[in-house]
2 protein chains.
Amino acid sequence: MSDLLERLRGRGWRMTAQRRVVAEVLDGEHVHLTADEVHARAVAKLPEISRATVYNTLGELVSLGEVLEVATDKRAKRYDPNAHRPHHHLVCAQCGAIRDVHPSGNPLADLPDTERYGFTVSGVEVTYRGVCPNCAAA
Amino acid sequence: MSDLLERLRGRGWRMTAQRRVVAEVLDGEHVHLTADEVHARAVAKLPEISRATVYNTLGELVSLGEVLEVATDKRAKRYDPNAHRPHHHLVCAQCGAIRDVHPSGNPLADLPDTERYGFTVSGVEVTYRGVCPNCAAA
DNA sequence: ACTTGACTTAGACAATGTCTATTGTAGGAT
DNA sequence: ATCCTACAATAGACATTGTCTAAGTCAAGT
């Protein structure tokens, strides 16, 4: 699991207790946490960590490409530690649960030149919407 | 252009000056405005309109399916009046410009049952990311 | 062990969105 | 035409999420 810490150290990251804790939180469970949830879990391990540090560290991890930002329609951005295998998301419209999914096909290939308006297209995100089994049962 | 107003009236909407103005702003230019931008344009036409009313009205329009909420990664949600022809979005990573696009293919068909985890999948949003010609030139 | 510049901190600030209590009014009823 | 009433609008407080700053702290190279 310290792959992540190793990679970061290799990139010249100064290794502090705070950064280690944030990295551990993300690496620990592959769910999609908001910044505040990350902060809450980080505080549990290192009570004096500040909110600003968590935001800073998440921002750095995103810049380094180690973590992805996911903007569903919820208010808060979520952070996805699974940045190394391309995937998309399936979101429950009721409870907000998020699953990683791997559709077949390549949506990038589905965008013809005539629909690109001169943009240099570099990526694509696909968000499926639906209702999860839990919410459907309720 | 009053298609929208007609439809709303048909659905039992009480027609007030404020709602008319908000509907006109959205119907007027097919761009993707934030709530505050809608508010600013509405104030230009009806100075005493309040922020809460704009938010309420946008929320109602979304519930009625007349307008779509678009969550790119920007802070503010944007509102897309083009709710009646399915389409997806192409976003400039630098300036945030948004274009409507119509990819070929159907991403819904690309999600096999084994990747649905029991969800009832009802929709899909595709967001292409890239750099627009303007920003590329700069 | 010293030094230095990157890192962290607390808390103010900013941006966006929501709620409440009050006042106003659209549109049907008379 | 006027009145009633439920629904809508208002101002502004509040909530949530994210950003910034100034000052203190510490990891890591020497």
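Here the structure is a predicted model, which means the values were calculated and not measured. Sequence lines set the chain letters: A, B, ... in the order given, protein chains first and strands last, and positions in each chain run from 1.
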ask   = Hey, are H89(A) and D80(A) close enough side-chain-wise for a donor-acceptor pair under 3.5 Å?
value = yes
N-O pairing of [X] and [Y] below 4.0 Å:
X: R78(B); Y: E69(B); value: no
X: R99(A); Y: E115(B); value: no
X: E24(A); Y: K45(A); value: yes
X: E66(A); Y: R11(A); value: yes

inquiry  = If you assign each of E48(A) and Y79(B) to its closest nucleotide in DNA chain C, which residue comes earlier from the 5' end?
reply    =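 Per heavy-atom nearest nucleotide, the more 5' residue is E48(A).
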task = Without swapping roles, check the side chain of T34(A) against the backbone of A76(A) for a donor-acceptor pair under 3.5 Å.
result = no
ask   = For R85(B), does its backbone N or O pair with a side-chain atom of H87(B) as donor and acceptor, under 3.5 Å?
value =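 Yes; at least one donor-acceptor contact below 3.5 Å.
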message = What's R51(A) touching, base or sugar-phosphate or nothing? Going by heavy atoms closer than 4.0 Å.
response =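 The residue R51(A) makes base contact.
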note = Taking Watson-Crick and G-U wobble contacts under 3.5 angstrom, with | marking pairs to another strand and [ ] crossing pairs, the secondary structure of DNA chain C is written ||||||||||||||||||||||||||||||
task = Answer yes or no: is there a side-chain heavy-atom contact under 4.5 Å between R116(B) and D113(B)?
result =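 R116(B) reaches D113(B) side chain to side chain.
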task = For residues L5(A) and W13(A), determine if any side-chain heavy atom of one lies less than 4.5 Å from a side-chain heavy atom of the other.
result =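 Side chain of L5(A) against side chain of W13(A), heavy atoms only: no contact under 4.5 Å found.
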Does [N] have its OP1 or OP2 closer than 4.0 Å to a side-chain nitrogen or oxygen of [X]?
X: Y55(A); N: dG18(D); value: yes
X: R75(B); N: dT17(D); value: no
X: Q18(A); N: dC26(D); value: no
X: T53(B); N: dT10(D); value: yes

Rounding to a whole Å, what distance do you find between [X]:[atom1] and [N]:[atom2]?
X: E60(B); N: dA9(D); atom1: CD; atom2: C1'; value: 11 Å
X: I49(A); N: dG11(C); atom1: CD1; atom2: P; value: 16 Å
X: L46(B); N: dA8(D); atom1: CG; atom2: C1'; value: 13 Å
X: R20(A); N: dT8(C); atom1: CZ; atom2: C1'; value: 15 Å
X: L8(B); N: dC7(D); atom1: CG; atom2: P; value: 18 Å
X: D36(A); N: dG18(D); atom1: CG; atom2: P; value: 7 Å
X: L58(A); N: dG18(D); atom1: CG; atom2: P; value: 9 Å
X: K77(B); N: dT17(D); atom1: NZ; atom2: C1'; value: 13 Å

remark   = Each nucleotide of nucleotides 19-30 of chain C classed B (base within 4.0 Å of a protein heavy atom), S (only sugar-phosphate) or -, in 5' to 3' order, makes B----BBBS---
query = Quick one: which of L61(A), V22(A), V31(A), V62(A) gives a side-chain contact (heavy atoms from CB on, under 4.5 Å) with Y79(A)?
reply = V62(A)
task = Map R78(A) and S50(B) onto DNA chain D by nearest heavy atom, then report which one ends up closer to the 5' terminus.
result = S50(B)
